[in-house]
A.B. asks: 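Before we start, here is the structure in question, set down as structure tokens.
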Amino acid sequence: MNQNLSEQELVRRENLQKMIDLGIEPYPSATFPVTHTSKEIHEGYETNKEGYKEVCIAGRLMSRRIMGKASFAEIQDSTGKMQVYVSRDDICDGEDKTLYNQVFKKILDLGDFIGIKGYAFVTQTGTLSIHVTELTILSKSLKPLPITKTDADGKVYDEVTDPEFKYRQRYVDLTVNPEVRETFVQRSKMINAMRNFMTERGYLEVETPVLQPMYGGAAARPFKTHHNTLDTTFYLRIANELYLKRLMVGGYDGVFEFAKDFRNEGMSRFHNPEFTMMELYVAYKDYEWMMDFTEEMVEYVAMAVHGTTDVQVGENVISFKRPWKRYTMYGAIEHFTGIDISEMDEAGLRDTAKGLGIHIEKSMGKGKIIDEIFGEKCEHLLIQPTFITDYPVEMSPLAKKHKTKPGLVERFEGICNAKEICNAFSELNDPIDQRNRFEEQLELGKRGDEEAMQLDEDYLRALEYGMPPTAGIGIGIDRLAMIITNQKSIQDVLFFPQMKPEQTVPPQTESE
RNA sequence: GGUCGGUUAGCUCAGCUGGUAGAGCAACGCCCUUUUAAGGCGUGGGUCCUGGGUUCGAACCCCAGACCGGCUACCA
């Protein structure tokens, strides 16, 4: 293994040994009494110079400019960078100048974690800095970081842009690209805001099984696994919908879960095999109520993350200010194509789709054709948040039939930046109707639809005991995060997006 | 799944019609002996993704494979 080390890695190992020879522990276990972050000092110093007479910060050494007895360096902590000024005689009290001459100037490498104690001041050139009085080594770095540098003209050197490098070694990406760290901070703020919003309204955050004997609640192919003791097949959940609705049968007023779901399907800019879905169910409400709730929550989220309802996304500014635009699905199609399809039969729809240049498979039913027309002619035009309501019943086996419109269900999707971000309905709680819908799905399955739902007897049993009228929603957290953080790919809002394993070692043989 | 493109130093990248490897940053050394704005000079560093083939000669051409990416398809 050692013969594979690069020159720079060898130098760092030599420095590590020198450190040990000098009696310095390169990986000390003691706590380090950090008092400030670099951000706090940058923000607070101007108005409270006296407050920073003694500060203690810690982080990675990111640059070093040595000029004889005095040096400047930059330390990066979780909040940003801080320049520090190191003067030989200030960190080395007596005759022994080893700490400065050897340790600071030679043995430290960029990327090492150090802690410093000192006082804040402003240099002659106007840069807020910490004058170091004590320097402590906290952790030695043995691999060179691709640290970016920016010159006086604003030209950036060595920025890591290779997606493979960024995703496989996210720890490096996070270290050298502060804006990547910030993206994930925003994602976390977004999720916290949603959690607060729902918890304040009295809804209960719950956890339901990831390993399910029968997958359901969505149309997708699952991952399959096996439990040894029970000698049973389990599936990684594709949704948690049916479990949350069982809890509604159990009597809660509202339950929600931020759930990792798994779908064994293609990968793209918008799809990762595991992804996060927030599902919420509220008793004694319908989908109209849920639309109001959703736009209020997303508006709240935008305010919590950005302090405004206007968010820059790519070339567009998206406004999450209520109310959002609402179209029925037929209304949207009429609006964007000028064609009223509401009274058409399947043959008429087929001709209409052909006329619009949309490819229609023979196997497609009425609902699927309508969905196809919408997808081709409307969805990509919906940049500002928009609700599309009242979907064909064939596509929605878990949604309640519409109060007044035959053939439709009480369902809406939220579309934003041309992508679906949520899907909601008045939940079907009629156990007899639900059984019929499941049986229709079984028929689809027999005809070869790999994504058709299974018939879940236990779920039907639960419904037979009675579920209150309930509104439910699923929000694609990763997709919403892409919009809220202005990222083009789902991989940029997941710390560790799924990739093929690196083949650095021969593939392991199966063994247990 | 289809298709197009990519893979060269620790990082970002050049490399012509095939002639045997380059830059900047980083590293190392020296200078500067000091409140800097990538400070100056120098040195080292390569399995050109892998395996075959063509050729006197391959980073470059051909074949196969690996991995990555863009479009596209699938995906309620």
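In what follows, chains are A, B, ... by sequence order, proteins preceding strands, each numbered from 1.
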A.B. asks: Whom does B:U3 pair with, Watson-Crick or G-U wobble, provided both distances fall under 3.5 Å?
C.D. replies: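 B:U3 is paired with B:G70.
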A.B. asks: Students often get this wrong, so: under 4.0 angstrom with heavy atoms, is A:M329 touching a base, only sugar-phosphate, or nothing?
C.D. replies: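 A:M329: no heavy atom of the nucleic acid under 4.0 Å.
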A.B. asks: Any strand counts, and the cut-off is 3.5 Å on both contacts for Watson-Crick or G-U wobble. Which nucleotide pairs with B:A27?
C.D. replies: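 Because both required distances fall under 3.5 Å, B:A27 counts as paired with B:U43.
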A.B. asks: Under 4.0 Å, heavy atoms only, any strand: does A:S63 hit a base, just the sugar-phosphate, or nothing?
C.D. replies: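 Here A:S63 touches no strand at all.
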A.B. asks: Check the distance between B:A76's P and A:Q441's CD and give it to me in whole angstrom.
C.D. replies: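 After rounding, the gap between these two atoms is 11 Å.
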A.B. asks: So, OP1 or OP2 of B:C67: does either fall under 4.0 Å of a side-chain N or O from A:K500?
C.D. replies: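 The answer is yes; a side-chain N or O of A:K500 sits under 4.0 Å from OP1 or OP2.
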A.B. asks: Report the distance from atom CZ of A:R64 to atom C1' of B:G39, rounded to the nearest whole Å.
C.D. replies: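 It is 16 Å, rounded to the nearest whole Å.
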A.B. asks: Quickly work out the A:Y167 OH to B:C67 P distance and round it to whole Å.
C.D. replies: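 Roughly 18 Å, once rounded to whole Å.
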A.B. asks: Could you tell me how far B:C25 sits from B:C68 if I compare only their C1' atoms? Round to whole Å.
C.D. replies: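 24 Å, rounded to whole Å.
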A.B. asks: Which part of the nucleic acid, if any, lies within contact of A:D371, taking any heavy atom under 4.0 Å across all strands shown: a base, the sugar-phosphate backbone alone, or nothing?
C.D. replies: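 Result for A:D371 = nothing.
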A.B. asks: For B:C32, what is the paired nucleotide under Watson-Crick or G-U wobble rules, both distances under 3.5 Å?
C.D. replies: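 Paired with B:C32, as far as the under-3.5 Å criterion goes, is no nucleotide at all.
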A.B. asks: For the residue pair A:Q498 and A:N272, confirm or rule out a side-chain donor-acceptor distance under 3.5 Å.
C.D. replies: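 Judged by distance alone, the side chains do not pair up.
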A.B. asks: Using the C1' atoms only, state how far B:G65 lies from B:G15, rounded to an integer number of Å.
C.D. replies: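 The answer is 26 Å between these two C1' atoms.
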A.B. asks: So, for A:F387 and A:F412, is the gap between ring centers shorter than 6.0 Å?
C.D. replies: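 Between A:F412 and A:F387, which both carry aromatic rings, the centre distance is below 6.0 Å.
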A.B. asks: Is there a donor-acceptor contact under 3.5 Å linking the side chains of A:Y330 and A:H335?
C.D. replies: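 Judged by distance alone, the side chains do not pair up.
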A.B. asks: Rounding to a whole Å, what distance do you find between A:K166:NZ and B:U7:P?
C.D. replies: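 Rounded to whole Å, this separation is 19 Å.
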A.B. asks: Does B:U20 have a Watson-Crick or wobble partner in any strand here, with both distances under 3.5 angstrom, and which is it?
C.D. replies: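 None - no nucleotide pairs with B:U20, as no candidate has both distances under 3.5 Å.
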A.B. asks: In this structure, is the centre-to-centre distance between the rings of A:F223 and A:Y235 below 6.0 Å?
C.D. replies: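 No - the distance between ring centres of A:Y235 and A:F223 does not fall below the 6.0 Å cut-off.
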A.B. asks: Which part of the nucleic acid, if any, lies within contact of A:R411, taking any heavy atom under 4.0 Å across all strands shown: a base, the sugar-phosphate backbone alone, or nothing?
C.D. replies: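 A:R411: backbone/sugar contact only, no base atoms under 4.0 Å.
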A.B. asks: Is there a donor and acceptor pair, one atom on the side chain of A:E164 and one on the base of B:U7, closer than 3.5 Å?
C.D. replies: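 No, no donor-acceptor pair under 3.5 Å.
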A.B. asks: If you assign each of A:M499 and A:K106 to its closest nucleotide in RNA chain B, which residue comes earlier from the 5' end?
C.D. replies: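 Nearest nucleotide further toward 5': that of A:K106.
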A.B. asks: Searching all strands shown, indicate the nucleotide that pairs with B:A64 (Watson-Crick or G-U wobble; both distances under 3.5 Å).
C.D. replies: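 The answer is B:U50, by the H-bond criterion.
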A.B. asks: Rounded to the Å, how far apart are A:F412 CZ and B:A76 P?
C.D. replies: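 It works out to 18 Å between those atoms.
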A.B. asks: Under a 3.5 Å cutoff, is there a donor and acceptor pairing between the side chains of A:S489 and A:R269?
C.D. replies: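 Checked: A:S489/A:R269 side chains show no N/O donor-acceptor pair below 3.5 Å.
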A.B. asks: Using the rule for Phe, Tyr, His and the six-membered ring of Trp, do A:Y85 and B:U35 stack at under 5.5 Å and under 30°?
C.D. replies: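 Yes.
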